[in-house]
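In what follows, a structure is listed as structure tokens, so that the remarks can point back to it.
Lettering follows sequence order; numbering is per chain, from 1.
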Amino acid sequence: MSTNHTSADHTNNTRREKLRISDLHAFYGESHILHGIDLSIGQGELVTLLGRNGAGRSTTLKAIMNMVGRRSGSIVINGTETINMAAHKIAHLGMGFCPEERGIFSSLNVEENLMLPPAVRSDGVSVDEIYEMFPNLYERRFSQGTRLSGGEQQMLALARILRTGANILLLDEITEGLAPVIVQKLAEVLMQLKARGLTILLVEQNFRFAAPIADRHYVMEHGHIVEEVHAHELIEKTELLNTYLGV
Amino acid sequence: MKISKLSIVLLGVALVAPFVMYPVLLMKILCFALFASAFNLLLGFVGLLSFGHAIFLGTGGYVTGYLVMNSGLSPLLGILAGTAAAAALGAVYGKLSVKREGIYFAMVTLALAQLMFFVFLQAPFTGGENGLQGIPRGFLFGFIDLSDNLNMYYFVLAIFLFGFWVINRTIHSPFGQVLKAIRENEPRATSLGYNVNDYKWAAFVISAALSGLAGSTKTLVFQLASLTDVHWHMSGEVVLMTLVGGMGTIFGPLVGAAAIVGLQNFLSGGELGNYVHIIMGLIFIVCVLAFRSGIVGEIQKIVKRNFS
Amino acid sequence: MAEFLGINLFGLFGQLLVGLINGSFYALLSLGLAIIFGLLKIINFAQGAIYMLGAFLAYLALQYLGISYWAALIVVPLVVGLLGILMERFLIRPIANEDHLYSLLLTFGVALVLQGLFTHLFGSSGMSYPIPEAFSGGIKLPFMYLPNYRAWIVVASLVVCVGTWWMIEKTKLGAYLRAGTENPALMQAFGINVPLMVTLTFGFGVALAGFAGVMAAPVYSVSPDMGSNLLIVVFAIVVIGGMGSIGGAIITGLGMGIVEGLTKYFYPEASNTVIFLVMVIVLLIKPAGLFGKEA
Amino acid sequence: MSADYVLETQNLIKEFKGFTAVDDVSLKIQRGHIHALIGPNGAGKTTVFNLLTKFLTPTSGRILYNGHDITSLQSAAIARKGVVRSFQISAVFPHLSVLENVRIALQRKEGNSFHFWKSEKVLDKLNDRAVELLESVGLGNFAGAKTVDLSYGHKRALEIATTLALEPELMLLDEPTQGMGHEDVDVVADLIKKVSKDRTILMVEHNLHVVSKLADQITVLQRGAILTEGDYETVSADPRVQEAYLGVAVEENGA
Amino acid sequence: SLSDDKVKIGVLADMGGVYADICGKGCVTAVEMAVEDFGGTVLGKPIEIVSADDQNKPDVGSAIVRKWIENEQVDVITGLVASSVTGAVTQVTTDAKKIALIAASASNAFTTKQCSPYNAHWTYNVVALANGTVKPIVQSGKKKWFFITADYAFGHALEGIATKVIESEGGEVVGAVRAPLGTTDFSSYILQAQASGAEVVGLANAGADFVNSLKTAAEFGLTEMMDVAGLLVFTPNAQALDPAIAGGMLTTTGFYWDRDEESREWSARFKARHGAIPAMPHAGAYSATMHYLNAVKAAGTDESDAVMKIMKSTKPDDFFAKNATLRADGRMVHDMYLVKITKASERKSADDIFAIQSVIPGDQAFAPMLPECDFK
Ligand SMILES: Nc1ncnc2c1ncn2[C@@H]1O[C@H](COP(=O)(O)OP(=O)(O)OP(=O)(O)O)[C@@H](O)[C@H]1O
Ligand SMILES: Nc1ncnc2c1ncn2[C@@H]1O[C@H](COP(=O)(O)OP(=O)(O)OP(=O)(O)O)[C@@H](O)[C@H]1O
Ligand SMILES: [Mg+2]
Ligand SMILES: [Mg+2]
């Protein structure tokens with residue numbers, strides 16, 4: 001087995017590697033969605049997955065959490081191989097996952113939703129801090145989770161995993177449906193988290209949101225990673241990104 | 001078209017069958033095939049599992065039996081009356097139940113049927129546990145003697161074909177298109193301006209009426225109307241027939257009815273009679289676990305896989 | 001004295017109390033159903049058969065192993081719960097992703113098999129189980145003679161019902177359960193072993209029916225069809241209470257027992273149908289049930 | 001003058017258990033406009049939509065459509081009058097063909113939807129019109145395809161074609177471009193522009209790019225109440241809107 | 001001459017339902033014993049037995065019998081337990097002119113309202129039960145009765161006839177409740193009985209209903225306040241009950257295994273094959289079959305009219321049928337027995353359930369023949 005990936009080497013030199021994926025394949029029933037993904041993220045990095053609708057970005061996140069039908073290859077989290085690990089054990093390695101469809105529970109109220117995921121580490125964001133960050137949630141804390149507006153649900157989904165103390169975050173389209181003010185605020189929040197040393201893998205459609213805060217970008221197409229772009233290369237590779245993403 | 005060729009072959013078989021097999025058994029199969037097809041109209045094509053459908057079968061039977069016996073109605077009028085009664089009950093029960101969906105709908109229909117079961121058990125005109133016995137088959141159009149099994153058979157076959165035609169036509173009608181749309185995406189159908197509950201209700205009434213038709217006919221065949229036909233076990237049996245045959249397919253309920261009635265007939269004769277409930281239960285389990293498309297559904301899959 | 005407006009008050013009180021006793025069984029059974037439904041979205045049609053199984057196990061345990069009522073009260077629910085766990089694991093889980101109607105049909109099949117099996121093995125004339133020594137005799141109330149065992153039924157089932165309700169509505173475990181049924185994949189991703197939780201919940205719901213079966217053995221004849229008719233009444237109760245509402249199931253169970261008792265007093269002919277009539281009325285006025293949330 | 005307005009709400013209020021989600025909203029939507037409803041998350045935009053289409057019942061207030069009070073009508077009846085909404089999540093009939101999807105909508109006006117005794121062949125006369133509609137949204141080549149197999153953008157287009165089949169006077173679009181890639185956003189925006197001929201459109205949208213490009217008139221909601229109204233220039237220049245909704249960096253989003 | 005070179009007997013019974021212990025496989029066993037004891041052939045031709053489960057459903061039973069007769073050349077039907085099934089079946093047999101030997105049903109309709117020249121109602125009926133049990137109790141001075149009645153045809157008939165008996169003996173019925181078949185909880189009915197001020201509570205029900213109602217009566221102390229009479233108690237039901245509850249109760253039966261040497265001998269053979277002592281329908285099924293086969297032999301044919309004629313003109317006489325005749329209306333009139341359920345202290349073995357109190361001669365037990373049912 002070769003570990004001779006340039007990107008991995010590059011990051012290994014600078015920071016501790018938190019997540020390394022090699023030759024990841026994922027399937028939903030008969031359909032083969034991911035065709036050998038390789039990527040690596042170091043501690044404190046914020047990396048995005050870009051691509052068009054259906055490129056397989058969400059699937060990559062779900063595959064990491066073992067939420068797809070079948071997967072093969074290697075996923076090493078914090079030095080632990082997880083490809084054969086049961087889904088419910090993965091979170092306890094410090095993973096926090098915020099799904100695309102938000103996954104707010106209608107049988108629980110806002111506060112119960114917030115308190116639901118078991119803490120995986122001790123140093124999560126406190127509830128007070130969260131309510132300060134998202135005053136809407138505080139105001140609506142006793143209403144049924146799914147009665148929140150679309151955007152409020154998005155906030156809740158994110159807040160929920162911040163509370164658990166997860167230090168590797170997988171965030172899927174978190175700016176979707178949010179008002180521009182909130183989007184700006186989220187960018188600040190992510191920068192703060194990064195500063196706390198959290199590792200973030202971000203799936204984004206909103207390139208303007210992602211560009212200023214990310215360290216690196218992976219571009220996906222048809223279940224492959226077709227390009228890796230570092231923050232400092234953004235200007236020179238604008239053309240390339242345009243052809244991939246149609247920005 | 002393939003289907004119509006198949007239909008002609010089946011019709012041919014149905015015409016000569018009574019010379020080969022015991023006609024009363026064949027009539028029973030036809031009645032249940034009609035019942036299961038009517039049930040399947042709801043389950044397979046609207047997605048509503050009515051767990052109390054026997055009540056419509058039995059209502060048709062009781063009303064026909066009572067009128068033929070006590071008011072000397074001709075068999076045809078008796079059957080019409082029974083069908084109308086089932087449709088009327090279906091109209092009321094449909095109004096109450098189509099508001100609910102999925103499993104809720106199943107529970108509500110079951111409980112409503114049980115309510116009516118007790119009415120039939122206690123009402124003075126149904127003969128309670130005895131049921132209505134010795135109902136005369138009478139004369140069709142005043143001169144065809146239905147007490148002759150062969151005459152009766154062709155009469156039943158004609159009724160079955162009529163009912164089956166109605167169901168098919170319903171599925172492939174403008175109304176059927178709307179039903180399909182509702183099953184696919186109910187909120188969207190509403191937003192296009194369809195009152196989905198009205199459509200479900202109409203389908204429910206059609207299904208109830210045809211179940212009543214099956215029950216009325218069955219009553220004349222066996223000259224008997226009894227609690228068996230309104231008991232929830234019967235509601236379970238029709239689900240089983242549809243499941244075994246293949247829900248949502250045209251011929252599935254027919255095949256399922258033949259299979260289950262045939263099996264019961266086989267079991268009731270022999271030593272295995274004791275095991276009839278256990279065997280039915282096991283079939284249920286096996287079908288659900290491994291065989292959800294039913295006989296016809298599985299055949300369709302094989303045909304699709306190999307020939308297209 | 002005991003007459004008021006031409007009504008025999010003693011008779012009325014008696015019927016109310018008897019209604020409460022029956023209501024305790026309704027509450028236990030509908031609670032089990034509501035837990036399984038509310039948390040797993042499965043209608044367990046086998047719940048009645050499992051109640052029967054509980055009673056039979058208590059009977060067999062006493063007959064052949066000399067296990068006392070008290071021991072049976074613990075052991076039988078455990079055994080039944082274990083069977084429920086096996087049932088969930090090997091029958092229900094394989095179809096967990098299919099339409100929930102299939103699980104209804106599957107459990108219907110299980111009910112037929114269980115009932116058929118016991119009829120085959122033990123006939124259907126019924127076995128009798130003695131009332132435990134500790135509860136022989138009764139209390140003389142002014143309006144009736146209340147057998148001690150019947151009083152115990154009310155107390156025991158109230159304790160079990162309230163305890164269960166508290167556990168599900170008021171604890172973190174309950175929140176996990178509710179969330180886990182809504183979106184199991186996400187709960188797994190949060191680090192919770194959902195399949196295990198589902199299995200245990202099913203086992204618990206089933207064990208409640210087993211418990212009710214043991215409770216019933218001394219007062220009702222232990223027979224293979226003791227559960228099947230009761231079950232449909234309990235279904236109606238669950239619909240009235242609002243499907244999936246735990247508290248609703250308990251309150252409605254007790255309430256319907258009392259309504260039935262009153263009907264037996266005022267118009268016995270309708271005692272079979274009154275619960276279904278109530279159901280129709282509730283459906284007309286509040287389709288989601290008395291305690292149900294609108295979808 | 002009121003004839004100019006397709007839809008008017010008068011003092012619309014919706015309360016949820018003591019929480020006022022829509023607070024005294026009086027909207028006037030001018031015939032032929034594309035009218036956008038924007039505002040921070042939880043401002044009550046979706047709730048307004050739900051009230052207009054009767055998915056929710058207003059606590060108080062009136063809704064006038066073409067001058068007639070429709071406050072007490074049922075959802076389906078409102079749809080039949082010509083107020084049709086699209087859904088946020090793809091609202092198609094997945095296992096019908098693309099053509100059939102449109103035909104279901106066309107069929108409603110035929111008045112034969114309860115005719116269970118007729119053959120469905122009577123619907124074939126609607127095919128031409130259906131194909132026409134599909135072509136108008138660029139789906140002409142997909143008529144025979146199964147709808148599940150369509151891509152996300154195509155599904156959205158189909159949904160719009162289906163909605164158009166009802167010949168709505170007023171179309172309500174809730175975040176029509178949400179979750180789309182940039183390419184699709186433009187396609188859909190163009191489509192909306194195209195179909196806005198001869199009809200009125202009310203839309204909720206967070207993508208300011210789309211709003212600025214399409215909207216003739218904008219209403220900004222905040223905490224359930226109307227904050228301000230006007231065209232894009234006026235509204236985006238309003239400091240209150242900048243603070244509550246746009247954030248500071250308005251310019252960046254405009255492009 | 002035999003119709004098809006054999007005599008074929010169809011045994012229709014409840015193989016798995018509430019009456020399975022009363023006339024299920026046991027009835028098949030009894031008929032088999034009769035055929036074997038008869039020698040296995042009649043007029044040189046084989047005797048065959050077919051059996052089926054009617055599940056206590058009239059439609060199932062009548063369909064089976066119809067098929068047997070129309071399709072499988074069955075000559076005679078026996079077993080027949082649930083009255084509802086028997087009613088439906090005798091319609092079919094009468095139409096087809098085949099004999100029905102009713103071994104286990106209680107209703108008296110088959111020799112009254114629904115009488116037919118082809119019915120032979122063998123073991124007992126509701127009239128005999130009411131006459132046998134109720135009359136002596138009323139005569140002993142307990143005149144105020146309350147009934148807990150099974151709410152279907154059988155219970156109604158039993159209550160009706162018992163009421164007539166009570167009234168004709170100068171007693172009075174102070175009330176009655178109708179409990180649905182299969183009621184699990186009798187407590188509210190018991191409370192009503194308690195409040196009625198009656199001296200005797202008559203249980204006009206059977207099987208599990210009987211067992212449940214009696215148990216509940218004991219639990220609520222009813223058995224200490226008033227007498228309880230079970231109008232139809234089969235040995236398996238009595239065996240299922242705690243003797244402390246049931247002991248001492250009077251009831252009427254058409255047969256008891258421990259009556260005399262003859263009955264003990266047959267019952268021992270039956271128990272060896274079946275595993276339990278015979279209930280009265282088992283003995284009745286044997287006796288009826290035997291009488292039928294004897295008649296076929298004597299008639300030299302299996303043609304129903306000829307056979308029936310001989311059955312009615314010769315007196316049945318075996319370990320079951322004492323002082324018996326098959327009347328023209330098809331009623332088999334024979335000695336019935338008033339028995340007391342034994343207390344635990346009196347039981348010598350698990351099978352020692354009844355103690356015969358008195359013999360009720362057939363003409364006192366059964367009602368006289370109706371003129372319209374005289375099929376001489
Ligand atoms: N549960 C599923 N079953 C089958 N196929 C699926 C499933 N989920 C996703 N797919 C398919 O997998 C492919 C990748 O989907 P994915 O959701 O990962 O895309 P994405 O890049 O996140 O795009 P989007 O912008 O739509 O979220 C798509 O073709 C999609 O149709
Ligand atoms: N059924 C309900 N019960 C209780 N509160 C509700 C209900 N529906 C909406 N709300 C509340 O009303 C407010 C407005 O919700 P609405 O969905 O209209 O917001 P929105 O403007 O569409 O926001 P977004 O842009 O985030 O979708 C929110 O705070 C929400 O929590
Ligand atoms: Mg995605
Ligand atoms: Mg919204």
Please identify, among A/Met67, A/Lys62, A/Met65, the residue contributing the most non-hydrogen atom pairs under 4.5 Å to chain C.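 It is A/Met67.
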
For atom [atom1] of [X], is the number of surrounding heavy atoms from other residues, nucleotides or ligands below 6.0 Å larger than 12?
X	atom1	value
A/His92	NE2	yes
A/Glu132	CD	no
A/Tyr138	OH	no
A/Lys89	NZ	no

Evaluate side chain to side chain contact (heavy atoms under 4.5 Å, CB included) for C/Phe190 paired with A/His88, printing each intermediate quantity in order. CA-CA 7 Å; C/Phe190 286 161; A/His88 64 271; over 6 Å; no

Side chain / backbone / both / neither for [X] at chain C, heavy atoms under 4.5 Å:
X	value
A/Leu116	both
A/Pro99	side chain
A/Ile161	side chain

How far apart are the closest heavy atoms of [X] and [Y], and which atoms are they?
X	Y	answer
C/Asn183	A/Gly103	ND2-CA, 4.1 Å
A/Pro118	C/Ile192	CD-CD1, 3.6 Å
C/Ala189	A/Ala91	O-CB, 3.1 Å

Assert top hit (heavy-atom pairs under 4.5 Å, partner chain A, pool C/Glu182, C/Gln188, C/Arg178) equals C/Glu182

Got a second to check how far A/Ile104's CD1 is from C/Leu186's CG, nearest 0.5 Å?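 Atom-to-atom, A/Ile104:CD1 and C/Leu186:CG are 8.5 Å apart.
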
